[in-house]
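These notes concern the structure reproduced below.
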Amino acid sequence: MGLYKLLYDISETLDTEDVQSLKFLCLEQVSLRQQQGIQDAKDLFLKLQEEGLLQEGDLSFLCELLFRIKRIDVLERKLGGSKEEIERALQLPGQAKVSQYRHMLFMLSENITKEDLKYFKFQINELPKSKLESCTTMLEVLLEMEKMGILGKNNLDILKKTCENVDKGLVKIIEEYQQNTAVKENGGNGGTMPVCISDVPGLAAELLQVDQVYKMSSRPRGVCLILNNYDFAKAREEVPKLKQLRNRRGTDVDAAALSKVFSLLHFKIEESKDLTAEQLKKVVQSYGTMDHNQRDCFVCCVLSHGDTGTILGTDGQQVAIRELTVCFTAQNCRSLAGKPKVFFIQACQGESYHRGVVLEADSTCPASQCDTDANTPTECIPDEADFLVGMATMKDYLSYRSPTEGTWYIQSLCQHMKKSCRRGDDILTILTRVNQEVSGKYDKKNQGKQMPQPSFTLRKRLIFPIN
């Protein structure tokens with residue numbers, strides 16, 4: 001394949017966010033003035049060619065850029081490289097073209113949430129508010145700070161002070177850059193800023209020691225079973241205390257988002273709607289008896305009302321969460337032994353709630369419009385290994401659902417999986433980001449907060465490759 005055809009093919013796989021990231025990382029090589037008029041990846045690649053940075057037989061800079069923005073899928077599929085090879089290469093002196101400073105700023109942008117970005121912008125008094133209002137991403141804010149001369153390689157005071165007020169984890173990224181720079185200036189080998197920094201501050205070293213990854217190469221990867229309960233008319237008719245229990249408006253938005261993401265991850269999507277308790281048990285049990293020998297994983301997403309430690313069928317009867325997961329233990333489902341079994345539970349687990357008009361709830365409380373989870377890891381997960389159960393919220397906290405936009409938890413989960421899986425991030429890193437985003441949300445009307453809770457007995461890193 002010729003160079004131009006290769007670069008064109010790669011450019012077609014990169015979205016607008018990828019291009020903005022690449023442009024930012026290239027600012028030492030292609031100035032902001034030179035970047036004027038660059039609209040897409042093809043334009044950027046042409047400019048890099050003009051600068052002698054992309055040549056036939058030497059695409060090392062392109063490999064580094066794709067690695068930095070975590071497009072490992074493109075790196076492997078289009079360029080034949082691997083994450084491990086690039087990691088090793090970038091540790092060699094003089095190999096990295098993206099500066100430690102530029103990479104540090106990019107890492108800050110990758111680790112800040114939307115809510116934190118709003119607070120970050122609010123804290124900066126050195127920039128005109130009109131400038132900040134037009135900035136929708138952290139990269140844009142950082143660029144404005146550089147333009148105004150309040151940010152540079154040796155001018156990090158304002159950035160660091162603002163980050164201290166927003167998130168201490170961001171400060172750690174800056175301090176690590178400063179430490180690496182100091183080592184280099186004092187005669188150390190310096191090298192590049194560690195390229196494997198985890199997006200979860202403080203866990204990087206630990207995560208990188210886990211070199212075993214669950215096999216995830218079958219097509220399809222496995223079944224993604226979506227159990228979607230919307231209509232609770234039968235529960236209202238048959239269970240007196242549930243007469244005011246509402247239908248779960250917005251649940252189809254969640255189901256569609258889950259279907260889209262897990263299809264992208266090469267799972268076979270199978271959805272069952274409006275199941276009674278008995279039907280729900282039978283469906284799950286049937287998947288537990290299936291032959292999964294040719295599959296690498298099983299995923300089950302439950303969208304329903306609930307009560308403490310249970311899921312509600314549309315008839316108002318309860319099914320214990322443990323009764324669902326136990327169908328897939330190594331003893332009960334041998335074809336999934338040693339393989340990851342993933343459950344995402346969006347359902348109330350108690351009666352603590354706040355009233356709401358727009359935000360609805362999955363509680364058994366008649367007037368409730370929010371989800372609550374009173375489940376603990378020991379109630380959700382059997383002792384056997386290789387399970388992950390992602391709960392929408394912790395004990396005594398609320399879980400919110402919009403009739404038009406779906407639930408906070410499922411929507412955040414799908415957005416982060418779509419973005420992060422293609423970059424090679426493992427599921428625990430992704431769920432940590434989901435925790436951070438959802439916990440930052442706030443229902444002002446009802447003073448409602450939410451804290452998701454993943455529980456797991458995974459023995460390896462669980463990564464869902466898109467390609």
Side-chain angles (χ1 to χ4, degrees), residues 210-229 255 258-273 275-304 310-311 313 319-347 375 377-391 413-414 417 421 424-428 430-431 454-467:
V210 184
D211 56 1
Q212 287 190 314
V213 180
Y214 285 106
K215 175 179 174 291
M216 203 64 60
S217 58
S218 66
R219 292 290 187 97
R221 309 289 189 218
V223 171
C224 173
L225 175 63
I226 301 174
L227 304 175
N228 180 16
N229 282 352
L258 288 166
S259 178
K260 183 176 181 180
V261 168
F262 281 98
S263 292
L264 188 66
L265 299 177
H266 308 296
F267 279 80
K268 180 182 180 183
I269 308 300
E270 298 191 5
E271 182 177 355
S272 293
K273 301 186 67 173
L275 302 176
T276 64
E278 195 60 33
Q279 290 172 335
L280 196 152
K281 287 189 288 186
K282 287 183 178 179
V283 168
V284 173
Q285 288 168 0
S286 69
Y287 282 89
T289 59
M290 284 184 180
D291 183 358
H292 299 270
N293 280 308
Q294 302 304 314
R295 304 292 178 251
D296 294 328
C297 183
F298 174 77
V299 176
C300 180
C301 306
V302 184
L303 313 173
S304 188
T310 65
I311 301 298
V319 179
I321 294 175
R322 180 178 173 83
E323 194 172 351
L324 303 182
T325 59
V326 78
C327 296
F328 300 92
T329 62
Q331 182 176 359
N332 293 330
C333 184
R334 295 189 179 278
S335 60
L336 281 173
K339 301 176 182 179
K341 283 77 66 172
V342 180
F343 289 78
F344 293 115
I345 310 293
Q346 174 61 55
N375 216 32
T378 54
E379 292 174 319
C380 289
I381 300 178
D383 292 333
E384 288 80 354
D386 309 306
F387 276 86
L388 168 67
V389 178
M391 302 298 297
L413 173 69
C414 291
M417 288 194 72
C421 284
D425 293 335
D426 67 280
I427 190 64
L428 298 184
I430 294 170
L431 290 178
S455 305
F456 63 94
T457 57
L458 298 176
R459 298 172 298 112
K460 306 175 184 179
R461 296 180 71 196
L462 176 54
I463 298 173
F464 295 114
I466 287 184
N467 293 291

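These numbers come from the heavy atoms of this one structure, side chains and all, not from hydrogens, waters or symmetry mates.
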Distance check, rounded to the nearest 0.5 Å: [X] atom [atom1] versus [Y] atom [atom2]?
| X | Y | atom1 | atom2 | answer |
| --- | --- | --- | --- | --- |
| K341 | C300 | NZ | SG | 13.5 Å |
| R322 | T310 | CZ | OG1 | 15.0 Å |
| K282 | T276 | NZ | OG1 | 8.0 Å |
| L388 | T325 | CG | OG1 | 11.5 Å |
| L324 | I345 | CG | CD1 | 6.5 Å |

If we only count heavy atoms from C-beta on, is the [X] to [Y] side-chain gap below 4.5 Å?
| X | Y | answer |
| --- | --- | --- |
| K460 | P340 | no |
| L303 | I226 | yes |
| C421 | L265 | yes |
| L258 | C224 | no |
| P465 | R221 | yes |
| V284 | V302 | no |
| I427 | V342 | no |
| R461 | V213 | yes |

| task | Test side chain to side chain contact (heavy atoms under 4.5 Å, CB included) on L413 and L431 and set out the steps. | result | CA-CA 7 Å; L413 173 69; L431 290 178; 3.7 Å; yes
| field | F267 vs V261, side chain to side chain contact (heavy atoms under 4.5 Å, CB included): CA-CA, chis, key distance, verdict | value | CA-CA 9 Å; F267 279 80; V261 168; over 6 Å; no
For [X], which residues count as a side chain to side chain donor-acceptor pair (under 3.5 Å) partner, sequence neighbours excluded?
| X | result |
| --- | --- |
| S259 | none |
| E270 | K268, Y287 |
| D386 | Y214, R459 |
| K215 | S217, D296 |

Do you know which two heavy atoms are closest between [X] and [Y], and how far apart they sit?
| X | Y | result |
| --- | --- | --- |
| R219 | I466 | NH2-O, 4.4 Å |
| A255 | N228 | CB-ND2, 3.6 Å |
| L275 | S272 | CD1-CB, 3.7 Å |
| K273 | E271 | CG-OE2, 3.6 Å |
| F262 | I269 | CB-CD1, 3.6 Å |

Kindly say whether [Y] contributes a backbone atom to a donor-acceptor pair with the side chain of [X] at under 3.5 angstrom?
| X | Y | result |
| --- | --- | --- |
| N332 | G288 | no |
| T457 | F387 | yes |
| S335 | H292 | yes |

| Stepwise, does the side chain to side chain contact (heavy atoms under 4.5 Å, CB included) test hold for M216 with F464? | CA-CA 7 Å; M216 203 64 60; F464 295 114; 4.2 Å; yes
| said: Evaluate L462 against D426 for side chain to side chain contact (heavy atoms under 4.5 Å, CB included), listing each step before the verdict. | reply: CA-CA 5 Å; L462 176 54; D426 67 280; 5.7 Å; no
| field | Any residue meeting salt bridge (Lys or Arg N to Asp or Glu O under 4.0 Å) with K281, in chain and number order, not counting sequence neighbours | value |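 For K281, the residues satisfying salt bridge (Lys or Arg N to Asp or Glu O under 4.0 Å) (neighbours in sequence not counted) are E278, E323.
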| field | Results of ring pair (Phe, Tyr, Trp, His ring centres under 6.0 Å) for F343 - residues two or more places apart only | value |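 With sequence neighbours excluded, F343 shows a ring pair (Phe, Tyr, Trp, His ring centres under 6.0 Å) to F328, given in chain and number order.
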